[in-house]
Amino acid sequence: ETPACTEHVWKRTTELKTECINTKVSLKGTDGKLRTYTLCPECGHVENAAALTEVRGVNANFSGLKVFTGTLDGQQVLSVAFCYPTVIERVVCETCGTVRSEDTTAARAMAADVTANVELPASAVAGYTLYQTQADGTEAPVEVSINGSTALMRLYVGSGAQLLRMIPNA
C-alpha cells in the first residue's frame with residue numbers, strides 16, 4: 001500500500017529502453033532493380049529475411065554506432081546506423097510514488113544531414129567494394145581506407161540507417 005504523503009518530495013528519473021527501430025532502406029538487387037527492406041539497425045533484424053550479424057569493435061565520431069553484416073537476397077551487405085534508445089523521463093514523488101509528469105522520446109536512428117567517420121575491423125570489408133544507394137536510386141562507391149587491422153570510411157547518414165552493397169573485388 002502506498003503511504004499517505006503530506007508533502008511530495010519530487011525526483012526526476014530517466015529510463016533508457018533499447019527497442020527495435022523499423023527503418024525502410026533501399027538496396028539495388030543483382031538484377032539492377034531497387035528493392036526496399038524493413039531493417040532494424042539496432043538488432044540487425046530484416047523483415048522476411050535472415051537477421052544480420054553485429055560487427056564488433058566499431059567506432060565513429062557520433063555516439064550509438066551499430067554495424068551489421070550478412071547476406072540479403074544473395075548479396076553481401078553492411079548496415080550502418082547511429083541508434084538511440086527510447087528515453088522515458090519521469091518526475092515521481094519519492095515518498096508516495098505519485099507520477100507528476102512523464103515524457104517519452106521514441107527510439108530512433110540518427111537522420112541528420114552529416115557525414116560520419118566510421119571505423120571498423122578491416123576483416124569486415126576487406127576484399128569488397130562498398131556501394132551506398134542514393135535518394136534517387138543510383139549508387140555511389142564508398143571510399144574505404146585500410147590501415148593494418150582497421151578500416152575507415154566516410155559515410156553520409158542523412159536518411160538514417162544505411163544499407164551498403166558489398167561487391168567482391170575481382
Novice: Under the side-chain contact (heavy atoms from CB on, under 4.5 Å) rule, what do E89 and R12 come out as? Steps first, then yes or no, please.
Specialist: CA-CA 7 Å; E89 293 185 55; R12 179 175 295 277; 3.6 Å; yes

Novice: For P141, does its backbone N or O pair with a side-chain atom of Q132 as donor and acceptor, under 3.5 Å?
Specialist: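 Not a single qualifying donor-acceptor pair exists.
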
Novice: Sequence neighbours left out, what passes side chain to side chain donor-acceptor pair (under 3.5 Å) with T138? Give chain and number order.
Specialist: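 Side chain to side chain donor-acceptor pair (under 3.5 Å) list for T138, sorted by chain: D136.
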
Novice: Which pairs pass salt bridge (charged side-chain N to carboxylate O under 4.0 Å, His left out) with one or both residues in residues 72-85, sequence neighbours excluded?
Specialist: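 Listed once each, the pairs would be none.
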
Novice: Output all residues satisfying ring pair (Phe, Tyr, Trp, His ring centres under 6.0 Å) with H8, sequence neighbours left out; order by chain, then residue number.
Specialist: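 Testing H8 for ring pair (Phe, Tyr, Trp, His ring centres under 6.0 Å), a comparison that skips the adjacent residues, returns W10.
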
Novice: Give me the atom names and distance for the closest heavy-atom approach of A60 to L65.
Specialist: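 Closest pair (atom of A60, atom of L65, distance): CB-CD2, 3.8 Å.
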
Novice: Are the side chains of C43 and C20 in touch, meaning some heavy atoms are under 4.5 Å apart?
Specialist: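 A side-chain contact exists here, since the closest heavy-atom pair is under 4.5 Å.
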
Novice: Quick one: closest heavy-atom pair of I21 and C40, and the distance?
Specialist: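 Minimum heavy-atom contact is N-SG, 3.3 Å.
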
Novice: Any donor-acceptor pair under 3.5 Å linking the side chain of Y37 with the backbone of L163?
Specialist: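 No, Y37 side chain to L163 backbone: no donor-acceptor pair under 3.5 Å.
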
Novice: Is any side-chain heavy atom of T98 less than 4.5 Å from a side-chain heavy atom of C5?
Specialist: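 SC-SC contact between T98 and C5 ruled out.
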
Novice: Closest heavy-atom contact between A122 and I146?
Specialist: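 Reported closest heavy-atom pair: CB-CG2, 3.7 Å.
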
Novice: Work out which heavy atom in V55 is nearest to a heavy atom in V58; give both atom names and the distance.
Specialist: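 Looks like O-CG1, 3.6 Å.
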
Novice: Inspect the surroundings of CD in E15 and state if more than 12 heavy atoms from other residues, nucleotides or ligands are less than 6.0 Å away.
Specialist: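 Correct, the count exceeds 12.
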
Novice: Taking the side chain from T86 and the backbone from A107, do they hold a donor-acceptor pair closer than 3.5 Å?
Specialist: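 Present.
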
Novice: Could you work out, with side chain to side chain donor-acceptor pair (under 3.5 Å) as the rule, every residue matching R165, not counting sequence neighbours?
Specialist: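 Only Q75, E139 meet the side chain to side chain donor-acceptor pair (under 3.5 Å) criterion with R165.
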
Novice: With sequence neighbours excluded, what pairs up with E94 under the side-chain contact (heavy atoms from CB on, under 4.5 Å) test?
Specialist: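 Result, side-chain contact (heavy atoms from CB on, under 4.5 Å) vs E94: V9, K11.
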
Novice: Listed by chain and number, what are the ring pair (Phe, Tyr, Trp, His ring centres under 6.0 Å) partners of F62, not counting sequence neighbours?
Specialist: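 Only F82 meet the ring pair (Phe, Tyr, Trp, His ring centres under 6.0 Å) criterion with F62.
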
Novice: Would you please test V67 and T69 for side-chain contact (heavy atoms from CB on, under 4.5 Å) and show each step?
Specialist: CA-CA 7 Å; V67 178; T69 190; over 6 Å; no

Novice: Any pair with a residue in residues 121-132 that passes salt bridge (charged side-chain N to carboxylate O under 4.0 Å, His left out), sequence neighbours left out, goes on the list, sorted by first then second residue, please.
Specialist: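 Passing the test, one end in residues 121-132: no pairs.
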
Novice: Checking side-chain polar atoms at under 3.5 Å, does T38 have a donor or acceptor matched by the opposite partner on N22?
Specialist: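 Looking only at side-chain atoms, N22 and T38 do not form any donor-acceptor pair under 3.5 Å.
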
Novice: Quick one: CD on Q162 to OH on Y156, what's the gap to the nearest 0.5 Å?
Specialist: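 Rounded to the nearest 0.5 Å, the CD-OH separation comes out at 8.5 Å.
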
Novice: Restricting to side chain to side chain donor-acceptor pair (under 3.5 Å), what partner residues turn up for E102, sequence neighbours left out?
Specialist: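 Listed in chain order: R90.
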
Novice: Enumerate the salt bridge (charged side-chain N to carboxylate O under 4.0 Å, His left out) contacts for residues 20-45, please, sequence neighbours excluded, ordered by first and then second residue.
Specialist: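 Found D31-R35, E42-K66.
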
Novice: Indicate yes or no: at least one non-hydrogen side-chain atom of M153 is less than 4.5 angstrom from one of L130.
Specialist: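 The answer is yes; the side chains approach within 4.5 Å.
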
Novice: When hydrophobic residues are tied together by side-chain contacts of less than 4.5 Å, even through go-betweens, does Y84 share a cluster with I88?
Specialist: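 No, because Y84 and I88 fall into different hydrophobic clusters, even though each may have its own neighbours under 4.5 Å.
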
Novice: Which pair of heavy atoms, one from A109 and one from P41, lies closest together, and at what distance?
Specialist: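 What the structure gives for the nearest pair is CB-CG, 4.3 Å.
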
Novice: What pair of heavy atoms forms the shortest contact from L52 to T71, and how long is it?
Specialist: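 Smallest interatomic distance, heavy atoms only, reads CD2-N, 4.3 Å.
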
Novice: Start with the C-alpha gap between L27 and L72, add the side-chain angles, then the distance that decides, and say whether side-chain contact (heavy atoms from CB on, under 4.5 Å) holds.
Specialist: CA-CA 9 Å; L27 180 71; L72 189 56; 4.2 Å; yes

Novice: Are the side chain of N117 and the backbone N or O of L152 linked by a donor-acceptor pair below 3.5 Å?
Specialist: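 Absent.
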
Novice: Test question: given the 4.5 Å side-chain rule for I, L, V, M, F, W and Y, name all other residues clustered with L16, or answer none.
Specialist: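 Once heavy-atom contacts under 4.5 Å are chained together, L16 belongs with V87.
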
Novice: Hey, any chance V77 and V125 share a hydrophobic cluster, counting ILVMFWY side chains that come within less than 4.5 Å of each other, even indirectly?
Specialist: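 No, separate clusters.
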
Novice: Measure the shortest side-chain to side-chain distance between L164 and S79 over non-hydrogen atoms and say whether it is less than 4.5 angstrom.
Specialist: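 Not touching, per the 4.5 Å side-chain cut-off.
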
Novice: Give the cluster check for V25 versus M110: same hydrophobic cluster or not, with ILVMFWY residues linked at side-chain heavy-atom distances below 4.5 Å.
Specialist: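 The answer is no; the residues belong to distinct hydrophobic clusters.
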
Novice: Please go through V99's hydrophobic cluster and name the other residues, only I, L, V, M, F, W, Y counting, with side-chain heavy atoms under 4.5 Å joining them.
Specialist: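 Result for V99 is V92.
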
Novice: Just how far is it from atom CD of E119 to atom CG of N61, taken to the nearest 0.5 Å?
Specialist: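 The distance works out to 10.5 Å.
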
Novice: Just so I know, are the side chains of F68 and V80 near enough to count as touching, which here means a heavy-atom distance under 4.5 Å?
Specialist: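 F68 does not reach V80 side chain to side chain.
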
Novice: Only counting residues at least two apart or in another chain, list the ones meeting side chain to side chain donor-acceptor pair (under 3.5 Å) with D103.
Specialist: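 D103 satisfies side chain to side chain donor-acceptor pair (under 3.5 Å) with no residue once adjacent residues are dropped.
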
Novice: Is there a continuous path of hydrophobic side-chain contacts, each under 4.5 Å between heavy atoms, that joins I167 to L78?
Specialist: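 The answer is no; the residues belong to distinct hydrophobic clusters.
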
